[in-house]
Amino acid sequence: AAVLGLEDAVVEKICSVVEGVVVPANYNCPGQLVISGEVDAVNIACEKLKEAGARRALLLPVGGAFHSPLMEPAREELAAAIEGTKFNTPACPIYQNVTTTAVSNADEIKKNLILQLTAPVKWTQSVQQMVQDGAKNFVEVGPGKVLQGLVKKINPDSETASAAV
């Protein structure tokens, strides 16, 4: 479910007290956080989030409880595939949303990719870290401009562009 208009800490606190599995899954930008988990727990959390002042707590049509502990069986399969793949040292540091920091070690990149399936996507924190590290220009590769919009909400001074492949 997409939760709009609440601080992250409020969403995190409410998720932590709901019975069942419901966790922050995507930190999209300030005031926009997606939660994930068991259907009943997500529904209960949405009601509590609205009571706490969320502008919206909108269920999303998704095919699974991505970025939650419920993805653990898939994470184990993903881990086997990633561990069996040769990774080279990247030409430039890679910012991974599970750590939010620049990573250059191939083994650490593999580990973080595996963790990402059950960990939240820390997009807000990743963009903030990139800006802190000196990034000013962001290029979204692929169709659409969703990430450009999120970057502008996180840091309005950033320059954004798109590139089709």
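Side chains included, hydrogens not; waters and symmetry mates left out as well; all remaining heavy atoms used. Owing to the predicted nature of the structure, the values given are computational and were not obtained by experimental measurement.
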Novice: Going by side chain to side chain donor-acceptor pair (under 3.5 Å), name the pairs with one or both residues in residues 14-28, residues two or more places apart or in two chains.
Specialist: E12-Y27, N28-Q32
Novice: Restricting to non-hydrogen atoms, name the atom on L70 and the atom on A65 that form the minimum distance, rounded to 0.1 Å.
Specialist: CD1-CB, 3.7 Å
Novice: Between CD1 of I82 and CD1 of I114, what distance do you get to the nearest 0.5 Å?
Specialist: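 So the gap between those two atoms works out to 5.0 Å.
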Novice: Quick test of your reading: applying side chain to side chain donor-acceptor pair (under 3.5 Å), list the pairs with at least one residue in residues 53-74, sequence neighbours left out, ordered by first then second residue.
Specialist: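 Matches after skipping sequence neighbours: E72-R75.
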Novice: Give a yes or no on this: more than 12 heavy atoms of other residues, nucleotides or ligands lie within 6.0 Å of atom NZ of K153.
Specialist: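 Check fails, neighbour count at 12 or below.
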Novice: Is V34 reachable from V11 through a run of I, L, V, M, F, W or Y residues, each pair having side-chain heavy atoms under 4.5 Å apart?
Specialist: no
Novice: Treating Ile, Leu, Val, Met, Phe, Trp and Tyr as nodes and any side-chain heavy-atom pair under 4.5 angstrom as an edge, say whether V146 and L33 lie in one connected cluster.
Specialist: no
Novice: Can you tell me how far CG of L150 sits from OG1 of T124, rounded to the nearest 0.5 angstrom?
Specialist: 7.5 Å
Novice: With a 4.5 Å limit on heavy-atom distance, are the side chains of P30 and I154 in contact?
Specialist: yes
Novice: Could you tell me if the side chain of I35 sits less than 4.5 Å from the side chain of V3, heavy atoms only?
Specialist: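 Yes, their side chains come closer than 4.5 Å.
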Novice: Nearest 0.5 Å, what's the CG-CD distance between L115 and E108?
Specialist: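 Those atoms lie 10.0 Å apart.
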Novice: Partners of K50 by salt bridge (Lys or Arg N to Asp or Glu O under 4.0 Å), sequence neighbours excluded?
Specialist: E47
Novice: Looking at side-chain heavy atoms only, is the closest gap between K110 and E83 below 4.5 Å?
Specialist: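 They are in contact (side-chain heavy atoms under 4.5 Å apart), so the answer is yes.
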Novice: If two hydrophobic side chains count as joined below 4.5 Å and joins carry through other members, does V121 share a cluster with F66?
Specialist: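 Not linked; separate clusters.
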Novice: Would you say the side chain of D107 lies within less than 4.5 Å of the side chain of F87, judging by non-hydrogen atoms?
Specialist: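 Result no, sub-4.5 Å side-chain heavy-atom pair not found.
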Novice: As an exercise, state the distance from OG1 of T99 to CD1 of I94, rounded to the nearest 0.5 Å.
Specialist: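 That separation rounds to 11.0 Å.
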Novice: For P69 versus V23, what's the shortest heavy-atom pair and its separation?
Specialist: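 Scanning both residues, the minimum pair turns out to be CD-CG2, 4.0 Å.
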Novice: Provide the closest heavy-atom pair for V151 versus S158 in the form atom of the first, atom of the second, distance.
Specialist: CG1-CB, 3.7 Å
Novice: Would I44 and V21 show up in the same hydrophobic cluster when neighbours are defined by side-chain heavy atoms closer than 4.5 Å?
Specialist: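 Per the 4.5 Å side-chain linkage, I44 and V21 are not co-clustered.
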Novice: I need the minimum non-hydrogen distance between T89 and A106, along with the two atoms involved.
Specialist: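 For T89 versus A106, the nearest heavy atoms are N-CB, 4.3 Å.
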Novice: Taking atom CD1 of I109 and atom OG of S104, what is their separation to the nearest 0.5 Å?
Specialist: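 Interatomic distance, I109 CD1 to S104 OG, rounded to 0.5 Å: 6.5 Å.
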Novice: Are any non-hydrogen side-chain atoms of V131 and F138 less than 4.5 angstrom apart?
Specialist: yes
Novice: Quick check for you: to the nearest 0.5 Å, what is the distance between K48 atom NZ and N43 atom CG?
Specialist: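 Between atom NZ of K48 and atom CG of N43 there are 13.0 Å.
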Novice: Less than 4.5 Å apart, side chain to side chain, heavy atoms only: is that true for V127 and Y95?
Specialist: no
Novice: For the residue pair L59 and C46, what are the closest heavy atoms and their distance?
Specialist: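 Shortest heavy-atom separation between L59 and C46 comes out as CD2-SG, 4.2 Å.
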Novice: Identify the heavy atoms of A52 and I14 that sit nearest to each other, and give their distance.
Specialist: CB-CD1, 3.6 Å
Novice: Side chains of T160 and E140, heavy atoms from C-beta outward: is any pair under 4.5 Å?
Specialist: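 No, side chains not in contact.
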